[in-house]
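Single-structure report; data block below.
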Amino acid sequence: MVRKPATLKDVAALANVSRATAARALNSYGYVGGETAQKVQAAAEQLGYRGNRLAQALRNGQLPIVGCILGDIQNPFFARIAHDIEVLARERGHNLVIGSSEEELAQEISLLASLQSLSIRGFIVAPTSADNNAHLQGLIAENVPLVLIDRVAEGVDCDSVLVDNEGGARKAVEYLIAMGHRRIGLLQDDMRIFTSRERMSGYQAALAAAGIAPDDRMVSVSQSTVEHAVDATIRLFSQKSPPTALFTVDSLMTQGALLAFRSMGISIPHDVSLIGFDDFNLATFTDPQITVVSQPVSEIGRAAARLLFDRLYGKNEPPQKIRFGTKLIVRGSVSRRSDG
């Protein structure tokens, strides 16, 4: 026969006090004399009474949980960030609830509203839109600790952790230009997303500095998945005069481009040169190895978590804006070209 869990009524009866007194003693509100409090605690321990600590913490806004809403957590970049945030949160005695917006604004808004209803103490968010940010501004207005990661959002003044997306993209395209390329393709994500805008700006700035006129035929837009990137790459390289080099704005697109080139019989770097933004495990297992713009992914998540916990522990100063640099890692996927 399964024994029923002890109730507050059982504890009060054993301690010979009212339920109200037992509740005050166990939940540490109101005044209960020392001897009476000890009797109640002893009765609770004897009966194995645990109470609904979760409900109590929710009511008091003391649940040790922080929320994290990222883009597509199938992306290795976001998966690593989520892991690092969770590790630091655990070190600080908190649990982490992770949600994936899948780069859909409506899903981001819905996730945030759901997590807010749980009285979660603070949030780390990679905003889907650079412009549509009323839900994030609402957090600031309510003094809810918020850290933006990887991306910023217009009109949202809070702590943020970014990388130099524009500078990294510019370095990549400048290297392709220095290697003799002038028809340089760009495989980019939705321009709603801050990182995509910045990386596009870096691409355009490098071309402009070299006197290369922009050409819409050199740009292909794709969702940030391997499958969509395959299709976008095939479209780009099925033209009469395709690019001689390609710059991709994240690692999933780089992988999609590699698969597309293989299916089309295009050889790297003999037929086309390739540089991807963001390093990834397979980049050094391919032949040739892939030249990439590397960002310090191992530092980004922990930096954001430290900023969040500083706020949770009462740090009160102007928002901090951390921006990490990037590094161009030259491998074997770019060849010199003499005819552009």
Side-chain angles (χ1 to χ4, degrees), residues 63-103 107-108 111-112 115 118 120-128 136 139 144-153 156 158-165 167-168 189 193-196 198-199 224-226 249-255 276-285 292-315 319-327 329:
L63 198 63
I65 294 180
V66 291
C68 182
I69 300 174
L70 301 173
D72 184 354
I73 56 176
Q74 294 184 89
N75 186 321
F77 173 76
F78 284 126
R80 174 59 190 271
I81 283 176
H83 169 270
D84 291 344
I85 293 171
E86 196 275 333
V87 168
L88 193 138
R90 196 169 351 109
E91 290 173 1
R92 303 293 177 91
H94 280 64
N95 294 308
L96 180 68
V97 176
I98 302 170
S100 175
S101 69
E102 298 178 7
E103 307 299 4
Q107 186 157 313
E108 177 184 307
L111 277 169
L112 191 59
L115 295 181
L118 295 175
I120 282 178
R121 302 188 65 202
F123 295 91
I124 295 172
V125 178
T128 298
L136 300 176
L139 289 180
V144 176
L146 171 66
V147 179
L148 298 184
I149 195 167
D150 188 49
R151 309 157 182 180
V152 296
V156 182
C158 65
D159 296 320
S160 61
V161 180
L162 314 172
V163 299
D164 182 11
N165 293 288
D189 202 350
I193 299 171
F194 173 80
T195 48
S196 187
E198 284 209 319
R199 293 169 193 177
S224 182
T225 69
V226 172
V249 301
D250 70 33
S251 64
L252 293 180
M253 292 192 183
T254 307
Q255 293 172 59
F277 201 108
D278 204 12
D279 207 356
F280 60 105
N281 290 338
L282 291 177
T284 55
F285 286 89
V292 297
V293 177
S294 176
Q295 51 185 331
V297 64
S298 63
E299 299 178 53
I300 294 169
R302 290 186 69 87
R306 283 193 296 268
L307 289 176
L308 181 63
F309 282 102
D310 282 348
R311 296 294 176 189
L312 290 174
Y313 295 152
K315 191 171 186 178
Q320 292 191 51
K321 315 289 185 183
I322 297 175
R323 187 182 283 264
F324 290 109
T326 60
K327 180 181 180 182
I329 300 178

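Numbers here simply count residues along the sequence, with the first being 1.
We find the OG-CZ distance between S224 and F78 to be 8.0 Å, quoted to the nearest 0.5 Å. Interatomic distance, T225 OG1 to M253 CE, rounded to the nearest 0.5 Å: 8.0 Å. For the atom pair CG (L146) and CD1 (I124), the distance works out to 9.0 Å, reported to the nearest 0.5 Å. Rounding to the nearest 0.5 Å gives a distance of 5.0 Å between CD1 of I81 and CD1 of I300. Note that NZ of K321 and OG of S160 are 4.5 Å apart. Values are rounded to the nearest 0.5 Å. A distance of 8.5 Å separates CZ of F277 from OG1 of T195, quoted to the nearest 0.5 Å.
Using a 4.5 Å heavy-atom threshold, the side chains of V249 and N165 count as separate. Put simply, the side chain of D84 does not reach to within 4.5 Å of the side chain of V297, judged on heavy atoms. Contact check for F324 versus P296: side-chain heavy atoms found under the 4.5 Å cut-off.
Across every non-hydrogen atom of L148 and A153, the tightest pair is CD1-N, 3.7 Å. Across G325 and D164, no two heavy atoms sit closer than the pair CA-CB, 4.5 Å. Closest approach of G122 to L312, counting heavy atoms only: N-CD2, 4.4 Å. In plain terms, the two heavy atoms of I85 and G301 that are nearest each other are CG1-O, 3.4 Å. The shortest non-hydrogen separation linking A304 to I149 is CB-CD1, 3.6 Å. Of all non-hydrogen atoms in I65 and I120, the two that sit nearest each other are O-CG2, 3.4 Å.
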Note to self: Set out, in order, the CA-CA distance, both residues' side-chain angles and the distance that settles side-chain contact (heavy atoms from CB on, under 4.5 Å) for D189 and R199, then state yes or no.
What the structure shows: CA-CA 10 Å; D189 202 350; R199 293 169 193 177; over 6 Å; no
Next on the checklist: I'd like to know whether F77 forms a side-chain contact (heavy atoms from CB on, under 4.5 Å) with D250, so could you lay out the CA-CA distance, the side-chain angles of the two residues, the decisive distance to 0.1 Å, and finally the verdict.
Outcome noted: CA-CA 9 Å; F77 173 76; D250 70 33; over 6 Å; no
inquiry  = Applying side-chain contact (heavy atoms from CB on, under 4.5 Å) to I69 and T128, what does each step give before you reach the verdict?
reply    = CA-CA 10 Å; I69 300 174; T128 298; over 6 Å; no
Q. Stepwise, does the side-chain contact (heavy atoms from CB on, under 4.5 Å) test hold for L308 with R121?
A. CA-CA 10 Å; L308 181 63; R121 302 188 65 202; over 6 Å; no
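Under a 4.0 Å N-O distance rule, the pair E198/R323 qualifies as a salt bridge.
Under the 3.5 Å distance criterion, the side-chain polar atoms of T326 are left unmatched by any main-chain donor or acceptor of S294. Judged purely by atom type and a 3.5 angstrom limit, Q255 uses its side chain to pair as donor or acceptor with the backbone of S251. Under a 3.5 Å cut-off, the side chain of R311 and the backbone N or O of K315 do form a donor-acceptor pair. Side-chain atoms of D159 come within 3.5 Å of backbone N or O of Q320 as a donor-acceptor pair.
For Q74, the CD atom sits in a loose shell: 12 or fewer heavy atoms of surrounding residues, nucleotides or ligands are nearer than 6.0 Å. No more than 12 heavy atoms of other residues, nucleotides or ligands shown are found within 6.0 angstrom of CZ on F285.
For R306, the salt bridge (Lys or Arg N to Asp or Glu O under 4.0 Å) test picks out no residue, with sequence neighbours left out.
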